[in-house]
Amino acid sequence: MTTTAPDPEDLTARARIRDAALRHFGEHGFERATIRGIAETAGVSLGLVRHHFGSKQALREACDEHLMKVMHRLHEEAASRPLGGLNPVAAMGPYRDYLARALTEGSAAPFFDEMVRIGVGWFEEADRRLPDPPDVDPRARATVVAAMALSFSVLTKHVERGLGVSLETADGQHELLRALLYVYSHPLLSPEDAAAIRAALDHQNLDHRSFHD
């Protein structure tokens, strides 16, 4: 399994507190998690938690900031490795519970928005190689792809049941990536079917606008 280089901050008491918070927020949710429980898991005093972070909200913001750093390191490594050299599904595994809670509680907006921003860059670069410009803007496509990618954090147990293997294992990661590769490289619709559906959507949208004008 490929892993990113450790952050120097991860050797500090502050990082132990943050990691304990990631665990407690993931297991209990933000409202039910307590500073006392986080301190006990980190092996530090309540006072040290408050010294480093001040409040539970600031601690959650530190967790979000850490995930942003992890995501940026993954993005940089993915750009420099051959296909298959980095498995983001595995690399984000330790943060899966936290991400699932944050996404369902609505507190992961900066993380989601940064994924979209990175995705826009990918699509804009890919679009320059196409003979015809896409008729859906890069931000819309990046938003949908980010939602699809993050859904694995929320639906992990269901995905594992469907695949018949744990995503924590090398076999599970392999099966998931093979399925994703096939889905992305084999469209369900022919160009003719897609054009017909798009025409129907445009016609329906035109009728809707005319009705409200």
Can you give me the closest heavy-atom contact between [X] and [Y], atom names plus distance?
| X | Y | result |
| --- | --- | --- |
| Ala62 | Phe53 | CB-CE2, 3.5 Å |
| Ser153 | Leu99 | OG-CD1, 3.7 Å |
| Asp64 | Ser107 | OD2-O, 3.4 Å |
| Ala33 | Lys56 | O-NZ, 2.8 Å |
| Phe152 | Arg96 | O-CD, 4.3 Å |

Lys NZ or Arg CZ of Arg101 over Phe25 ring: under 6.0 Å, within 45°: no

Do [X] and [Y] make a side-chain contact, defined as non-hydrogen atoms from C-beta onward lying under 4.5 Å apart?
| X | Y | value |
| --- | --- | --- |
| Val145 | Trp122 | no |
| Arg117 | Asp113 | no |
| Tyr98 | Cys63 | yes |
| Glu124 | Val120 | yes |
| Arg60 | Glu105 | yes |
| Asp127 | Pro138 | yes |
| Leu48 | Arg14 | no |
| Val154 | Leu150 | no |

Option from Arg73, Met71, His72 for which side-chain contact (heavy atoms from CB on, under 4.5 Å) with Lys69 holds: Arg73

Salt-bridge criterion met for Asp97 and Arg23 (N-O under 4.0 Å): no

Any side-chain donor near an acceptor of the partner, Asp19 and Tyr95, under 3.5 Å: no

Partner set under side-chain hydrogen bond (donor to acceptor under 3.5 Å, both in side chains) for Asp193, not counting sequence neighbours: Ser190

Plane angle bin for His28 and His24 - parallel if under 30°, tilted between 30 and 60°, otherwise perpendicular: tilted

Set of residues satisfying side chain to side chain contact (heavy atoms under 4.5 Å, CB included) with respect to Ala140, sequence neighbours excluded: Val136, Asp137

